[in-house]
Structure formats: structure tokens, C-alpha cells
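Written below as C-alpha cells is the structure these notes are about.
Here is the naming used below: chain letters follow the sequence lines, and residue numbers restart at 1 for every chain. Hydrogens, waters and symmetry mates play no part in the numbers below; they use all other heavy atoms, side chains included. Please read these numbers as outputs of a predicted model, since none were measured by experiment.
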Protein chains: 2
Amino acid sequence: MFEAFDKNISNHVNLSTDELDLVHHLFQHKTYRKKTLLLSEGQVCNFEAYLVKGCVKRYYIDPNGDEVILQFAVEDWWVSDMVSFTEQVPSHLYIETIEETELLQITYPNKELLFKQVPQLERVFRLLVQRAYSVLENRFFTGLTASAEERYLNFIKKYPILPQRVPQYQIASYLGITPEALSRIRASLLRKK
Amino acid sequence: MFEAFDKNISNHVNLSTDELDLVHHLFQHKTYRKKTLLLSEGQVCNFEAYLVKGCVKRYYIDPNGDEVILQFAVEDWWVSDMVSFTEQVPSHLYIETIEETELLQITYPNKELLFKQVPQLERVFRLLVQRAYSVLENRFFTGLTASAEERYLNFIKKYPILPQRVPQYQIASYLGITPEALSRIRASLLRKK
DNA sequence: CTGGTTTCTTAATCTGTATCAATACGAACT
DNA sequence: AGTTCGTATTGATACAGATTAAGAAACCAG
């Protein structure tokens, strides 16, 4: 259960067996059913989680009441509302499982404790945030420049598994277009082929 | 020269006088003329800088050869290409002064040194990255959802000084629209008032 | 298998923004 | 002063994607 998790962390630092034990101890393993809300708008996000198995979406509700998907997370990804979690302020976001999902999650006080005990982890989490930033910045670029079709092609290239696991209208939301538009794009791509 | 800088840092941790001296020592104070390129595509970004006075833009060149502005930075902001700097890989971005600009900048080796000497700073910089992330995520949301007019109104509300310091066509680029579109939006807003 | 959701597709129309082109303005220089 | 160059405005046209509406498929649960 911890193999991939350990690897994910040890990419950045080397921990002793004791330290790793502490880490394992402070991350709680939990399984959630499909369509479970892990975070809702207005709540303070009380976890940072490593996704062992399954799939979740992170989204917010726009002024028209529509879901806008910011991120899908699958195996070996981290999920949280970073802003809400680290600043302990109410979140604007929702986090919801799309499939049955296993997480390893840590609470805010336990993370602080962990940082005290294993200061090297500050570095690990700084790098994590940085990677998240760089992914977002990339996505942002292509969002500004690329057409809907290009963004879709990009998406399936980068996350080839997701179309099989996530309904199409949610992918449309992620791409910032309507389901109709995505459907037409797919039809037009098929014609081209 | 260091007042605002010290405050910016001490927001997050308390440093001893000695530690603060070391920090001051490792950040180099530099002044650049208007229109100086601080970073070009292909270079490894060799600084992380606190902006004491002036204004810079961070942008990339899209496939059509047009400038796409990702960020303006003014007093009390940090500027760098975080990805390039921390992973020491070639940048895709340009950073350029818009006005005469004073920076306090640190190199990669000195930052590593600083982290060794003052491990608390890992925390400061993790929080910095996090704030950058949250700003970007916010901007990304509104980019997906909001119309050009809404984004413009948002922009002048959030950065009321910038319109006076930055040419309009660069603001258009930042908003992801053409200069013509921005001009029309402004005209229409005036009419409404 | 059947009736009901949920998801996806197709088509017709509408809208915001891009593009192209022409003109106007303002500051900087000679 | 006039000339020039960079910047901003205005108008005409084109197009990507939204919206609305309807039907077709897929996916359940009884």
C-alpha cells in the first residue's frame, strides 16, 4: 500500500526507517465510495492526500451554478485545496470522488508535527507545490493560446486514461468548453482521420 | 532599502539579527534601466528577486511570435521563473523591465546555502510558492469563466496602479485579448457610466 | 425486458472576440 | 513648428464556440 507513496516521497530526500515509520503513522489510509464529497465550499480543507487508487475531481461552482473542473487526480497524485489547507481558511472548492478511491491523508496538525520531527520534509513539500505550480502554469499558457481542439488533443495526449474513466461532459468542463463543443470537436477529428 | 523586504520575509518567521544579516548579505542589490531583459528563452534563470522599486513583465512568445504576458510585478513582489530557477533547466520565458527597476536578487547556490544556514527559510519560500500558486489558480479560474470585460474590471480592481504604468496593449495581452478588443471594452464601459 | 435517468450527438441560431484596415492621437526629436 | 513612431480608436467582416432544442445511445434499477 505504501510502495508507490514511499517512492513518490523518496524521490526528493532520503529518510531513515524511523522517519519513514513516522510518516506512515501520520498518514491515514481511507477508502471512499464513488461520488463522495471530500471537501465542500465554505469548509476548511482538513487534509492533504496521496491518491493510492481511484479518481477524484476538484472543481468550483461558477456564478451560473455550473461546475468548473480544475483538476482530475488519479493514482500517484496529490489532492487537496492547498490554499485552504495551508492557510486554514474556508475553501471555495469542492473535491469529489469519481470512482471508489483510496487515499493516504494527513491532517494539518499532523503535518506540522511531521515538519517538526522531519524538517527535511519541508523541502519535499516545497518541491511538490512547485511542481503543481509548473503544471498549472503550463496549462495556463496553453489555455491562453491554444484553440479548443488543440487543448483537447493535448489533454488526451497527456492523460490518455482519463477519457475512459471520466464522463465526457466533465472533460469539456476541464477544457473550458461546453459538452456540445467537445462532441463536435471529436466528430470532426474522426472525420479527419 | 531592506525595510519592506524584511517585513515581507518576517511575515512568516522570526529571524535573529545574525540570520537577517546573512540574508542581506546573500541578496544582491541591483538597478536596471527600462527595457532591460533579465531573462530570455533558452537561458537558465539564475535569480530569484524581490522587487524594491519599478515594474517588470514576465511573458513568453507564442507560436505566432506574439508576446503573451503572464505577470506584471511591481513593488514588494517576487520575480523569477520558478520552474527554471529551482530545477535549473532552460526557461521558456522572458522577463523584462518596463520601468527603471531595483531588485534584490539571489543566485541558486546562494539560496541553497541560505537554506542550509537558516532552514526556517524553507518554510518562507514554501509559503511564497504557495501564494504564487493560489494567485495563478485564481487567475486561471476567472480566465476560464469570465468574459473579457469581467476580466478587465477584475484587473483594474486588483491592480489599480498598473493601467497608469503599463501600456494598454500589454494589459490586453495579459488579459488574453487583442488591443482592439480592450479599447472597445473601455469605450463601452465609459458609455455605460 | 422495460421505463427512466444520464450522457452524447446533431442542427440552427446567436454572440463575443479576432482579424484586417484605416485613421487619430500624443510624446519625443530634429 | 513639423515629422516620426509608437499607441489607441473605430469600422467592417469572419469565425469559434455558446446557446437552445431535440433526439439518439448508453446505462442503469425494478
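Salt bridge annotation for B:Lys111-B:Glu48: present, with a cationic side-chain nitrogen under 4.0 angstrom from a carboxylate oxygen. A salt bridge links B:Glu122 with A:Arg123: at least one charged nitrogen is closer than 4.0 Å to a carboxylate oxygen. In this structure, B:Glu99 does not pair ionically with B:Lys53, as no charged nitrogen and carboxylate oxygen lie closer than 4.0 Å. A salt bridge between A:Arg165 and A:Glu75 is present, with a side-chain N of the basic residue lying under 4.0 Å from a carboxylate O of the acidic one.
Panel note: side chain B:Ser84, backbone B:Val89; a donor-acceptor pair is recorded below 3.5 Å.
Of the candidates D:dT20, D:dT9, C:dT7, D:dT9 carries the atom nearest the B:Ser183 side chain, counting heavy atoms from C-beta on.
For an aromatic pair to be called close, the ring centres must be under 6.0 Å apart, and B:Phe85 with B:Phe47 fails this. Checked against the 6.0 Å centroid criterion, the rings of A:Tyr174 and A:Phe155 qualify as a close aromatic pair.
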What protein N or O atoms touch nucleotides 23-29 of chain D N or O atoms at under 3.5 angstrom, if any, and at what distances?
none

Below 3.5 Å is the cut-off: list the nitrogen or oxygen pairs between protein and nucleotides 15-17 of chain C, distance only.
unit_1: C:dT17; atom_1: OP1; unit_2: B:Ala148; atom_2: N; d: 2.8

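As a whole-Å value, the separation of B:Glu180 CD from C:dA24 P is 17 Å. With rounding to whole Å, A:Arg184 atom CZ is found 11 Å from D:dA16 atom P. B:Asp62 has its CG atom 13 Å from the P atom of C:dA18, to the nearest Å. Distance, B:Tyr169 OH to D:dT9 C1': 16 Å, rounded to whole Å. Atom CD in A:Gln170 sits about 13 Å away from atom P in C:dT6, given to the nearest Å. In this entry the distance linking CD1 of A:Ile98 with P of C:dT6 reads 17 Å, nearest Å. Following rounding to the nearest Å, B:Tyr152 (OH) and D:dA8 (P) show an atom-to-atom distance of 11 Å.
Side-chain contact check for A:Tyr59 and A:Glu96: at least one donor-acceptor pair (N or O, by modelled atom type) lies under 3.5 Å.
Across every non-hydrogen atom of A:Val74 and A:Leu162, the tightest pair is CG1-CD2, 3.7 Å.
B:Gln168 has no side-chain polar atom (N or O) that falls below the 4.0 Å cut-off from OP1 or OP2 of D:dG6.
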